[in-house]
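Report on the following structure.
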Amino acid sequence: GRVLAATVESSAKGAPPTSQTLRDFDTFRQFVTGPGIHAIFDQLCAALDHAHAHGVVHRDIKPANVILGSDGRATIVDFGLAWLSSAPGITTNGAFFGTPAYMSPEQIQGLALDGRSDLYSLAVLLYEMLAGRPPFDAPSTAALLHKQLHAAPPPIAEFRRDLPAPIGRALKRALSKEAGNRFPTAEALARALRGESPAPSQHPQGQSDGPALLRIKPWMGGGLLAAL
């Protein structure tokens, strides 16, 4: 069944001593072919879906910000660049924050962001987990950013012919240059990766009806970043 024991934390403090980040090559290799693929995908999507439902956009999803515990639990850490889309006076216009290899086109351009930007970054991360290389690579930051803005990623099947077709289709859509062409929610991405039909209704990405206040509260064994 779907793994929902995902957590979102403001820092890596308190992570199990044996935990590793996805930046570690052995960690990538461990989940490239094993049954842990969908378990990790589902946990990361569940964590982002909860954050986005409360108006929180991470803005720096990358392997170094995902910790895997010895029990297989995935934790998204380092919300240092996160912001609340519903908070007054907060904008990304003209700003450039994030890690170039994982930034969405709208983030590179300094445009206003919502949760679909995180989904693009997550798709880059998932692609890299599966292919053993990122979808975009270049000798300089400027060239890399140009590819993020204009180049189509190679189909994941070029590197992993053994993967189910729904994974390739889901990654292609999640890596769309236009946010409107991506999945509306992380849950929708997770379902597509498993080859399931979309849920009947889903919340708008990066929006919240509640006041834009941020605090940490316990949730399923970890600290969850939530707008209350």
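Any value given below was found using the heavy atoms of this structure, including those in side chains, with hydrogens, waters and symmetry copies removed. In what follows, residues are counted from 1 in the order of the sequence shown.
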Quiz item: Do the charged groups of Asp137 and Lys147 touch, with an N to O distance under 4.0 Å?
Solution: no
Exercise. Output yes when a side-chain donor or acceptor of His54 lies under 3.5 Å from a complementary backbone atom of His50, and no otherwise.
Key: yes
Practice problem: For Gln148 and Ile108, indicate whether the former's side chain and the latter's backbone hold a donor-acceptor pair under 3.5 Å. | Solution: no
Exercise. May I ask you to say whether Arg182 pairs ionically with Glu106, meaning some side-chain N is under 4.0 Å from a carboxylate O?
Key: yes
Exercise. State the CZ-CD distance between Arg73 and Gln43, to the nearest 0.5 angstrom.
Key: 7.0 Å
Self-check item: His58 versus Asn65, closest heavy-atom pair with distance
Solution: CE1-ND2, 3.9 Å
Quiz item: Any side-chain heavy atom of Glu128 within less than 4.5 Å of one from Tyr102?
Solution: yes
Quiz item: Is Lys177 atom NZ crowded by more than 12 heavy atoms from other residues, nucleotides or ligands, each under 6.0 Å away?
Solution: yes
Practice problem: Can you see which heavy atom on Ser104 is nearest to which on Ser121, and at what distance? | Solution: N-OG, 4.3 Å
Quiz item: Looking only at heavy atoms, what is the nearest atom pair of Leu175 and Tyr127, with distance?
Solution: CD1-CD1, 4.1 Å
Self-check item: His52 and Leu119: CA distance, side-chain angles, deciding distance, side chain to side chain contact (heavy atoms under 4.5 Å, CB included) verdict
Solution: CA-CA 10 Å; His52 294 163; Leu119 298 190; 4.2 Å; yes
Quiz item: Under 6.0 Å from the six-membered ring centre of Phe183 and within 45° of its axis: does the NZ or CZ of Arg173 meet both?
Solution: yes
Quiz item: With a 4.5 Å heavy-atom cut-off, do Arg59 and Leu113 have their side chains touching?
Solution: yes
Quiz item: Side chains of Val66 and Leu44: does their closest heavy-atom pair fall under 4.5 Å?
Solution: yes
Quiz item: Mind checking whether Arg191 and Arg194 have side chains closer than 4.5 Å, heavy atoms only?
Solution: yes
Quiz item: For the atom pair CD1 (Ile61) and CE (Met103), what is the distance rounded to the nearest 0.5 Å?
Solution: 13.0 Å
Exercise. Please check if atom CD in Glu178 has more than 12 non-hydrogen atoms from other residues, nucleotides or ligands closer than 6.0 Å.
Key: no
Quiz prompt | Residues Tyr120 and Gln107: side-chain donor-acceptor under 3.5 angstrom | solution = no
Practice problem: Rounded to the nearest 0.5 Å, what's the gap from CG on Leu125 to CD1 on Ile76? Could you check? | Solution: 9.0 Å
Quiz item: Going by the angle between their ring planes, with limits at 30° and 60°, are His146 and His150 parallel, tilted or perpendicular?
Solution: tilted
Quiz item: Of the non-hydrogen atoms in Ala152 and Phe136, which two are nearest, and what is the gap between them?
Solution: C-CE2, 4.0 Å
Quiz item: Looking at CG of Leu189 and CG of Leu48, how far apart are the two atoms once the value is rounded to the nearest 0.5 Å?
Solution: 9.0 Å
Quiz item: Quick one: CG on Leu130 to CG on Leu193, what's the gap to the nearest 0.5 Å?
Solution: 8.5 Å
Quiz item: Got Ile167 and His38 here, is their nearest side-chain heavy-atom distance under 4.5 Å?
Solution: yes
Quiz item: To the nearest 0.5 Å, what is the distance between CG (Leu126) and CD1 (Ile40)?
Solution: 10.0 Å
Practice problem: Considering non-hydrogen atoms only, spot the tightest contact between Ala101 and Val124 and give its length. | Solution: O-CG1, 3.4 Å
Exercise. Write down the atom of Gly195, the atom of Pro166, and the distance for their closest heavy-atom approach.
Key: CA-CB, 3.7 Å
Practice problem: Would you mind reporting whether Cys45 and Glu187 have side-chain heavy atoms less than 4.5 Å apart? | Solution: no
Exercise. Using a strict 4.0 Å threshold on nitrogen-to-oxygen distance, state whether Asp60 and Lys62 make a salt bridge.
Key: yes
